[in-house]
Q: 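Quick one: this structure, given as structure tokens, is what I'll be asking you about.
In what follows, residues are counted from 1 in the order of the sequence shown. Bear in mind the structure is a predicted one, so any value in this text is a computation, not a measurement.
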Amino acid sequence: MLKMKGSIERRITSALALSTLLTAAIILGGCKDGSPSQSHDTAAVEAEAEGSGPVSFWVATDTHYLDNDLEDGGEAFQTYVNGGDGKILPYSNELMESLVYEVQQKKPKFLILSGDLTNNGEASSHKKLAEKLKRVEEAGTDVYVIPGNHDLNNPWARSFKGDKQVLAEHITPSDYTSLYADFGLDEALSRDKISLSYFVKAAPKLYLLMIDSSQYAKNESYGFPQTDGRILPSTLSWMDECTKLAAEQHGSIITVMHHNLLSHTSMSVSGFKLNNSQETMKTMRKDGLNLVLSGHIHMQDIAHTGDSRNSDGLTESPVYDIATSAMAVNPHQYGAMTFNPVSREVTYNSASVDVEGWAKANGITDPNLLNFKKYAEDTFAIQSSDKAMSRLQDSTFSASDKKSMAEVMAKLNVKYFAGTAADSLDEIKAMPGYKLWASMDGGFMSGYIQSMAEDSGSSNVSLKMILNKQ
């Protein structure tokens, strides 16, 4: 097993703890008023001229793909998986193959992947993933990708051999631009000069601002991948110019980034929301950008700013940030979306990738894949329960109380990551274990349980909204 010493080891331990505690739960727009600048009939004529009705597209994030040639299923790999944050790495390849298969069957216009494409930036994982994405495009679906905090200059890239982790080759930003040139970069109308951000027309009247929010320049000197994100001032200025390009065509824009624009948990944690989220929000308000697609936090959540008034007394429509849950983590969801170029209406609905359908279509006999929904949920619940029991090990609760509390963690965690906790809150709060968690005086676990049990009053799995026109 590779060993790391001194302050680097402490920093890595700290970073791992933060990621594991929140992301796996202890496996745990705009200043414009939205009114169109041209008549509905004119917009309809333009849309018809481009041969466009409503467009279907998907967004997935945090695929954390791991090339299966990098693991042998041995002790080191199992230890890594069991101590991780709920990613179903033993079936990483099958999960991605299922997503490719489902895209080929349902044929959305385009597919967005919003970062953390690979487990830890392994070169072979990137290469194998790019080969899969090429098959998606060959089937008629365009692909647009951005990197996440795990993908570039990552010194944590590893293979797993027997009882040892072995250093694996990772990729640089230059490697990335070559590997993923066909998936957005080469089609870009504009590319930011100092980041991997780009601006692309994805469909009639619809543009994507694909923002590179990750920080990876110092990863190798740090000895670990930097988790937090930001958008550089010059990139914010570049975004202004991109909105002008869209305005010339009376188009609308969806902004895509790996890190979150808004908070998706009431817990006080850092590293998920952009470091300069307020500055970014000012730019988005100024440019009339009112929808962000993000990931990073691994759970399914839809947040928005609410209606407000600007300094001129004009109503500002809500800015939405949809954090799609991690594809690599139960329930292995993506966002199925539509855009109507006439009304500018966008819809979003979460959907779980159909691993079982792929397995049956390909004659797979593995019972875990043929019954994947149950297998994945049971695995995630058991891991959540085990982690909770570990945290409660030194507490004064009785064995039966600890078991009851772990049952609550398992049930609530499964629902929370799916974005459906609100549907089961009455049942969960009536469980004996929930009251025991509430009786605890502080502590991460108790606070986490309470945060999961909050009900925002709105759906976290579906949305219907109107994109601003530039």
Q: Below 4.5 Å, heavy atoms only, C-beta onward: do Asp212 and Pro147 meet side chain to side chain?
A: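 With C-beta onward as the side chain, the pair touches.
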Q: Hey, are the side chains of Arg285 and Thr305 touching, using non-hydrogen atoms and a 4.5 Å cut-off?
A: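 A side-chain contact under 4.5 Å exists here.
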Q: In terms of ring plane angle, is the pair Tyr180 and Tyr176 parallel, tilted or perpendicular, where the classes change at 30° and 60°?
A: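 Ring orientation, 0 to 90° scale: tilted.
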Q: Whether the Ser266 and Ser451 side chains hold a donor-acceptor pair (N or O, under 3.5 Å, no angle test) is what I'd like checked.
A: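 The criterion, which ignores hydrogens and geometry beyond distance, is not satisfied for Ser451 and Ser266.
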Q: Which pairs with one or both residues in residues 451-470 pass ring-ring contact (aromatic ring centres under 6.0 Å, His included), sequence neighbours excluded?
A: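 As it turns out, there is no ring-ring contact (aromatic ring centres under 6.0 Å, His included) pair with a partner in residues 451-470 once direct neighbours are skipped.
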Q: Within the structure provided, determine whether Val414 and Asn330 are in side-chain contact (heavy-atom separation under 4.5 Å).
A: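 When only atoms from C-beta onward are counted, Asn330 and Val414 do touch, with a gap below 4.5 Å.
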Q: Do Glu241 and Ser190 have side-chain atoms, one donor and one acceptor, less than 3.5 Å apart?
A: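 Short answer, no.
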Q: Decide if the gap between the ring center of Phe199 and the ring center of Tyr207 is smaller than 6.0 angstrom.
A: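 Yes.
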Q: Which heavy-atom pair separates Ala157 from Glu169 by the least distance, and what is that distance?
A: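 Shortest heavy-atom separation between Ala157 and Glu169 comes out as CB-O, 4.1 Å.
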Q: Can you tell whether the side chains of Lys286 and Asp240 come within less than 4.0 Å, N to carboxylate O?
A: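 Judged by the 4.0 Å cut-off on N to carboxylate O distance, Lys286 and Asp240 do form a salt bridge.
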Q: Relative to each other, are the rings of Tyr448 and Phe444 parallel, tilted or perpendicular (30° and 60° limits)?
A: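 Rings of Tyr448 and Phe444: parallel, under 30°.
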Q: Provide the closest heavy-atom pair for Ala217 versus Asn153 in the form atom of the first, atom of the second, distance.
A: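 Scanning both residues, the minimum pair turns out to be CA-ND2, 4.3 Å.
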Q: Looking at Tyr65, is its backbone amide N or carbonyl O close enough to the side chain of Asn119 to form a donor-acceptor pair, meaning the two atoms are under 3.5 Å apart?
A: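 A pair under 3.5 Å: no.
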Q: Could you tell me how the ring of Phe372 sits relative to the ring of His332: parallel (under 30°), tilted (30 to 60°) or perpendicular (over 60°)?
A: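 Rings of Phe372 and His332: tilted, 30 to 60°.
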Q: Within a strict 4.5 Å, meaning less than it, do heavy atoms of the Lys132 and Arg135 side chains meet?
A: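 Touching, per the 4.5 Å side-chain cut-off.
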Q: Using a 4.5 Å cut-off on heavy atoms from C-beta on, say whether the side chain of Ile112 contacts that of Met210.
A: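 Counting from C-beta outward, Met210 and Ile112 do come under 4.5 Å.
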Q: Does a donor on one side chain and an acceptor on the other come within less than 3.5 Å for His264 and Asp321?
A: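 Looking only at side-chain atoms, Asp321 and His264 do form a donor-acceptor pair, the distance falling under 3.5 Å.
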Q: Identify the residue among His296, Gln226, Gln215 that makes a side-chain hydrogen bond (donor to acceptor under 3.5 Å, both in side chains) with Asn149.
A: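 The option that passes is His296.
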Q: I would like to know whether Phe57 and Ile254 meet side-chain contact (heavy atoms from CB on, under 4.5 Å); could you show each step before the answer?
A: CA-CA 12 Å; Phe57 62 100; Ile254 294 175; 3.7 Å; yes
Q: What's the verdict on salt bridge (charged side-chain N to carboxylate O under 4.0 Å, His left out) for Glu131 and Lys128, showing C-alpha distance, side-chain angles and the deciding distance?
A: CA-CA 5 Å; Glu131 291 171 1; Lys128 293 285 182 67; over 6 Å; no
Q: Under 4.5 Å between any side-chain heavy atoms of Ile171 and Leu179, yes or no?
A: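 With C-beta onward as the side chain, the pair touches.
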Q: Could you check if a side-chain atom of Leu467 sits within less than 4.5 angstrom of a side-chain atom of Leu206, using non-hydrogen atoms only?
A: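 They are in contact (side-chain heavy atoms under 4.5 Å apart), so the answer is yes.
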Q: Considering the options Tyr334, Trp58, Tyr348, which one meets the side-chain hydrogen bond (donor to acceptor under 3.5 Å, both in side chains) requirement together with Thr324?
A: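 Checked Tyr334, Trp58, Tyr348 against Thr324; only one passes side-chain hydrogen bond (donor to acceptor under 3.5 Å, both in side chains): Tyr348.
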Q: Residues two or more places apart in sequence or in another chain: which of them pass ring pair (Phe, Tyr, Trp, His ring centres under 6.0 Å) with Phe183?
A: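 Applying ring pair (Phe, Tyr, Trp, His ring centres under 6.0 Å) to Phe183 gives none.
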Q: List the residues meeting side chain to side chain contact (heavy atoms under 4.5 Å, CB included) with Thr243, not counting sequence neighbours, and say none if there are none.
A: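 Scan of Thr243 (side chain to side chain contact (heavy atoms under 4.5 Å, CB included), adjacent residues dropped) gives Ile253, Asp287, Leu289, Gln470.
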Q: Applying the side-chain hydrogen bond (donor to acceptor under 3.5 Å, both in side chains) test to Asp67, which of Ser159, Ser124, Ser92 qualifies?
A: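 Result: among Ser159, Ser124, Ser92, Ser124 is the only option passing the side-chain hydrogen bond (donor to acceptor under 3.5 Å, both in side chains) with Asp67.
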Q: Do Thr141 and Lys109 touch side chain to side chain, with heavy atoms closer than 4.5 Å?
A: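 No, side chains not in contact.
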Q: Taking Asn468 for its side chain and Gly288 for its backbone only, find out whether a donor-acceptor pair lies under 3.5 Å.
A: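 Present.
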Q: Does Glu279 come within less than 4.0 Å of Lys282, counting only side-chain N to carboxylate O?
A: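 Answer for the salt bridge query: no.
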Q: Checking side-chain hydrogen bond (donor to acceptor under 3.5 Å, both in side chains) against His170, which of Glu122, Glu220, His126 comes through?
A: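 Among Glu122, Glu220, His126, the one that satisfies the side-chain hydrogen bond (donor to acceptor under 3.5 Å, both in side chains) with His170 is Glu220.
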Q: Just checking Gln278: does its CD atom have more than 12 heavy atoms from other residues, nucleotides or ligands closer to it than 6.0 angstrom?
A: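 Counting neighbours around CD of Gln278, 12 or fewer heavy atoms of other residues, nucleotides or ligands fall under 6.0 Å, so no.
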Q: Looking at Gly184 and Tyr144, what are the two nearest heavy atoms and their distance?
A: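 For Gly184 and Tyr144, the tightest heavy-atom pair comes out as CA-CD2, 3.7 Å.
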Q: Please evaluate residues Asp423 and Thr420 with respect to the criterion side chain to side chain donor-acceptor pair (under 3.5 Å), reporting the C-alpha separation (whole Å), side-chain torsions for both, the decisive distance (0.1 Å), and the verdict.
A: CA-CA 6 Å; Asp423 298 340; Thr420 58; 4.9 Å; no
Q: Taking Ser98 as the fixed residue, which of Val353, Asn93, Leu369 is the one that meets the side-chain contact (heavy atoms from CB on, under 4.5 Å) rule?
A: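 The side-chain contact (heavy atoms from CB on, under 4.5 Å) with Ser98 is passed solely by Val353 among Val353, Asn93, Leu369.
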Q: Under the 3.5 angstrom rule, does the side chain of Glu187 hit a backbone N or O of Val200 as a donor-acceptor pair?
A: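 Checking the backbone N and O of Val200 against the side chain of Glu187, no donor-acceptor pair under 3.5 Å is found.
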Q: Verify side-chain contact (heavy atoms from CB on, under 4.5 Å) between Ser214 and Asp151, making sure each step is shown before the conclusion.
A: CA-CA 9 Å; Ser214 298; Asp151 289 321; over 6 Å; no
Q: Scan Ser294, Ser325, Ser114 and name whichever one has a side-chain hydrogen bond (donor to acceptor under 3.5 Å, both in side chains) with Thr61.
A: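 Of all the options given, the one that passes is Ser114.
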